[in-house]
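FYI, side chains are in, hydrogens and waters are out, and symmetry mates aren't considered; it's all heavy atoms of this structure.
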Amino acid sequence: MRPKEATPTSRLIAFLISGAIKAVSLTLRYDDSKAQLQVKELGSQPVIIAVWHNRLALSPSLYRRLVTRQFPSRRVAALVSASRDGAMLAEILKCFQVKPVRGSSSRRGAQALKELVHWAKDGWDLAITPDGPRGPCYKIQEGVIAAAQLSGRPLLPVSYRLSSKLQTKSWDRFQIPLPFSKCTVMVGTPISVPRKTDDKERQSI
């Protein structure tokens with residue numbers, strides 16, 4: 001099944017949204033020196049970046065700050081829903097030079113996993129929202145575990161806290177950063193997922 005494609009109108013909206021994100025990002029006061037050091041210590045090892053769905057707004061900008069500034073040759077492919085909303089997000093990611101891979105647990109999931117593994121083997125970082133695309137919020141779904149198992153890449157939790165933001169009424173309470181707010185960036189310890197795991201091991205991840 002083919003993923004939904006963006007319309008000309010949605011492409012224009014995606015371009016405008018990406019521009020707004022870039023503009024707001026320039027005004028933020030980042031507290032990310034510790035996060036940058038943690039990423040530097042990992043070296044050039046490709047990882048799977050795991051970011052909660054409601055923190056997507058600044059994720060492409062943070063990848064540039066934390067990763068490509070230190071390792072200019074690194075590239076990232078991101079799992080994006082095959083739905084019409086996913087088509088819009090895919091166009092936004094393209095504006096940040098992020099490769100969208102379309103699929104989810106309910107649609108085109110197996111093919112998307114194969115594509116992610118392909119990019120991982122080619123040395124790309126991967127990016128996944130562990131609780132996306134439908135939630136529940138902050139509940140890890142099977143897709144991110146499967147991607148780690150099949151690719152052999154460790155999961156790297158990344159998040160941030162905003163001093164000023166708007167939150168939508170969607171299932172994930174999506175966070176929209178306000179200009180000139182403080183953005184504190186957190187990077188967790190890499191998590192290696194064995195090729196074979198039982199239910200108890202999966203629950204502990």
Side-chain angles (χ1 to χ4, degrees), residues 14 17-80 86 89-103 112-113 115-132 140 143-162 174-177 181-193 205:
I17 290 174
S18 66
I21 293 172
K22 292 175 182 178
V24 171
S25 297
L26 291 174
T27 73
L28 300 180
R29 295 174 289 117
Y30 287 97
D31 178 6
D32 62 356
S33 56
K34 182 178 179 180
Q36 289 191 41
L37 181 60
Q38 288 173 282
V39 172
K40 184 177 181 179
E41 289 175 346
L42 290 174
S44 57
Q45 176 192 18
V47 296
I48 299 176
I49 300 169
V51 182
W52 297 125
H53 198 273
N54 62 13
R55 302 305 207 281
L56 275 176
L58 293 179
S59 295
S61 299
L62 289 181
Y63 184 82
R64 185 174 298 175
R65 288 184 64 89
L66 298 179
V67 180
T68 53
R69 281 186 180 180
Q70 302 187 79
F71 307 99
S73 63
R74 294 269 287 273
R75 296 167 294 175
V76 61
L79 183 63
V80 181
L89 176 57
E91 293 300 317
I92 294 172
L93 293 177
K94 289 177 184 177
C95 294
F96 289 92
Q97 289 76 56
V98 176
K99 171 69 178 179
V101 175
R102 306 291 303 282
L113 276 175
E115 291 181 29
L116 285 175
V117 171
H118 164 78
W119 293 113
K121 288 180 177 179
D122 207 28
W124 289 46
D125 291 312
L126 306 180
I128 297 180
T129 52
D131 56 347
I140 297 176
V144 67
I145 306 299
Q149 289 176 309
L150 294 173
S151 68
R153 303 294 186 217
L155 296 172
L156 184 67
V158 177
S159 188
Y160 56 85
R161 182 172 59 250
L162 294 165
F174 192 84
Q175 298 188 11
I176 302 172
S181 61
K182 180 179 180 180
C183 179
T184 303
V185 185
M186 294 85 71
V187 174
T189 302
I191 303 169
S192 296
V193 181
I205 296 173

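- The main-chain N or O of V39 is never found under 3.5 Å from a side-chain atom of Q70 such that the two would form a donor-acceptor pair.
- Among residues at least two apart or in separate chains, side chain to side chain donor-acceptor pair (under 3.5 Å) pairs with a member in residues 46-61 are S25-S61, H53-D172, N54-Y138, R55-Y138.
- Nearest heavy-atom pair across A14 and E91 is CB-CB, 3.5 Å.
- Atoms CG and CG, from L155 and L126 in turn, are 10.0 Å apart once rounded to the nearest 0.5 Å.
- The line from CZ of R75 to CD of Q97 is 12.5 Å long, rounded to the nearest 0.5 Å.
- Taking the ring axis of Y160 as reference, the NZ or CZ atom of K182 does not stay both within 45° of it and closer than 6.0 Å to the ring centre.
- Heavy-atom minimum distance, P190 versus L156: CG-CD1, 4.0 Å.
- Among all heavy-atom pairs drawn from A57 and Q175, the shortest one is CB-O, 3.8 Å.
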**Request:** Give the intermediate values and the outcome of side-chain contact (heavy atoms from CB on, under 4.5 Å) for residues L58 and V185.
**Result:** CA-CA 10 Å; L58 293 179; V185 185; over 6 Å; no
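- Under a 3.5 Å cut-off, the side chain of D125 and the backbone N or O of V47 do form a donor-acceptor pair.
- For the atom pair CG (L28) and SG (C183), the distance works out to 6.0 Å, reported to the nearest 0.5 Å.
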**Message:** Go through it in stages, so that I can follow the logic: the residues are I140 and D131, the test is side-chain contact (heavy atoms from CB on, under 4.5 Å), and I'd like the CA-CA distance, side-chain angles, deciding distance and then a yes or no.
**Reply:** CA-CA 5 Å; I140 297 176; D131 56 347; over 6 Å; no
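- One distance of note links CG of L56 with CG of L93; it measures 7.5 Å at 0.5 Å rounding.
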**Request:** Kindly determine whether W119 and V76 satisfy side-chain contact (heavy atoms from CB on, under 4.5 Å), including the steps that lead there.
**Result:** CA-CA 8 Å; W119 293 113; V76 61; over 6 Å; no
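- Rounded to the nearest 0.5 Å, atoms CG (L116) and OG (S151) are 8.0 Å apart.
- Put simply, the side chain of H118 does not reach to within 4.5 Å of the side chain of W124, judged on heavy atoms.
- Qualifying salt bridge (Lys or Arg N to Asp or Glu O under 4.0 Å) partners for R65, counting only residues two or more places apart in sequence or in other chains: D32.
- The two residues I128 and A147 come nearest to each other via the heavy atoms CD1-CB, 3.6 Å.
- Not a single salt bridge (Lys or Arg N to Asp or Glu O under 4.0 Å) links K121 to another residue, sequence neighbours left out.
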**Asked** Checking side-chain contact (heavy atoms from CB on, under 4.5 Å) for the pair R74/Y63: CA distance, chi angles, key distance, verdict?
**Response** CA-CA 10 Å; R74 294 269 287 273; Y63 184 82; 3.6 Å; yes
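- Looking at every heavy atom in both residues, K94 comes nearest to P100 through CE-CG, 3.9 Å.
- Here the straight-line distance linking atom CD of Q149 with atom CD1 of I145 works out to 7.0 Å at 0.5 Å rounding.
- The minimum heavy-atom distance linking V24 with T27 is given by the pair O-OG1, 2.8 Å.
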